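The structure under discussion is supplied below as structure tokens; questions concerning it will follow.
Computation of the quantities below employed the complete heavy-atom set of this structure, encompassing side-chain atoms and omitting hydrogens, waters and symmetry-equivalent molecules. The structure presented is a predicted model; accordingly, all values stated were derived computationally and were not measured.
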Amino acid sequence: MVRSGDGGLREKAADQMAAAMCGGAAMKEYQIKLEGYRLPDAVYHQCIWTVRDIERARDLCIEYLAEDRGAEEAPGQVVSAAARLDAVACALCSVPGEYRQGVLESTMRRGGGFRDHAHENTWKRWKQRFIYRLAEELELV
């Protein structure tokens, strides 16, 4: 089935194998085409992974603060993690309160997390605006 010069069959087979190993279909992260909020793919995915990494960044900052270091300057890794946490918090402030938790869960878990009180398209629009605002906060656009 997989042969050289196969026109993409090799990649498809690798995706199918990865999906089988993970127990489900491999999903891609797509951004909706919302006028004025479209980002380059690399920037969009960087923002998605920044949000998915907030728990590790939070743990890193908490661990640093728990240690008594006196007047020692914070390492660059901690400063960077704190800046990312601040950017995510600022971007979340641009989302109405009733949508914040669902938008954050949806971004962290590759879809889902939407509540029943609004249409799916409403959730997707707010998620796209959140990601765009995050890109602005991280100075990627």
Side-chain angles (χ1 to χ4, degrees), residues 1-69 71-141:
M1 290 265 219
V2 178
R3 49 194 143 87
S4 60
D6 56 5
L9 284 178
R10 188 174 305 253
E11 288 81 12
K12 289 178 186 176
D15 288 343
Q16 290 172 351
M17 186 183 309
M21 291 172 66
C22 294
M27 288 180 54
K28 291 187 176 181
E29 188 71 49
Y30 295 104
Q31 62 177 315
I32 63 170
K33 295 175 183 167
L34 188 61
E35 189 67 34
Y37 293 95
R38 184 88 170 136
L39 293 168
D41 286 341
V43 172
Y44 179 79
H45 287 96
Q46 187 172 357
C47 290
I48 292 290
W49 284 106
T50 297
V51 173
R52 290 182 182 165
D53 191 45
I54 62 172
E55 288 184 15
R56 187 192 66 81
R58 185 180 305 131
D59 291 343
L60 184 66
C61 290
I62 290 171
E63 180 182 309
Y64 177 77
L65 292 173
E67 298 174 2
D68 185 26
R69 296 188 182 230
E72 181 181 328
E73 188 174 321
Q77 190 178 24
V78 174
V79 172
S80 175
R84 289 191 313 268
L85 286 173
D86 187 49
V88 170
C90 288
L92 266 178
C93 289
S94 69
V95 177
E98 65 267 21
Y99 299 113
R100 285 183 189 153
Q101 190 62 34
V103 166
L104 189 59
E105 287 176 14
S106 170
T107 307
M108 291 179 76
R109 290 193 184 83
R110 201 177 271 190
F114 299 140
R115 309 280 190 254
D116 292 335
H117 68 275
H119 191 272
E120 185 177 349
N121 290 345
T122 303
W123 289 105
K124 288 179 180 180
R125 276 190 222 108
W126 281 114
K127 179 180 174 181
Q128 185 67 28
R129 289 176 180 155
F130 163 66
I131 297 296
Y132 189 86
R133 181 73 178 129
L134 179 58
E136 289 179 334
E137 288 292 325
L138 294 172
E139 298 177 356
L140 299 174
V141 289

Residues forming a side-chain contact (heavy atoms from CB on, under 4.5 Å) with Glu120, sequence neighbours excluded: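 With neighbours one apart ignored, the set is Phe114, Lys124.
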Taking every non-hydrogen atom, the tightest pair across Val103 and Lys127: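 Scanning both residues completely, I find the closest heavy atoms to be CG1-CA, 3.8 Å.
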Test item: Ser106 and Trp123 side chains (from C-beta on) under 4.5 Å apart, heavy atoms: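 Ser106 does not reach Trp123 side chain to side chain.
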Within-4.5 Å side-chain heavy-atom neighbours: Glu55 and Met108: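 Yes - at least one pair of side-chain heavy atoms lies under 4.5 Å apart.
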Minimum heavy-atom distance between Ala118 and Tyr99, given as atom pair plus value: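 Scanning both residues completely, I find the closest heavy atoms to be CB-CE2, 3.7 Å.
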Beyond-backbone contact of Tyr37 with Ile131, side-chain heavy atoms, under 4.5 angstrom: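 Counting from C-beta outward, Tyr37 and Ile131 never come under 4.5 Å.
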By salt bridge (Lys or Arg N to Asp or Glu O under 4.0 Å) - contacts of Arg56 (at least two apart):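 Salt bridge (Lys or Arg N to Asp or Glu O under 4.0 Å) check on Arg56 returns Asp53.
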Minimum-distance pair of heavy atoms, taken over all atoms of Cys47 and Leu134: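 Shortest heavy-atom contact: O-CD2, 3.6 Å.
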Set of salt bridge (Lys or Arg N to Asp or Glu O under 4.0 Å) partners for Glu98, sequence neighbours left out: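 Per chain and number, Glu98 pairs via salt bridge (Lys or Arg N to Asp or Glu O under 4.0 Å) with no residue.
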Side chain to side chain donor-acceptor pair (under 3.5 Å) partners of residues 129-141, not counting sequence neighbours, each pair once: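 Sorted pair list: Arg133-Glu136, Arg133-Glu137.
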Sequence neighbours excluded - side chain to side chain donor-acceptor pair (under 3.5 Å) pairs with any residue from residues 39-51: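 Output for this query is empty, none listed.
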From CG (Leu39) to CG (Leu140), nearest 0.5 Å: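 Here the rounded value is 8.5 Å.
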Indicate every side-chain donor-acceptor pair of residues 75-93 with a distance under 3.5 Å to a residue at least two apart or in another chain.
residue : atom : partner : partner atom : Å
Ser80   : OG   : Arg84   : NH1          : 2.8

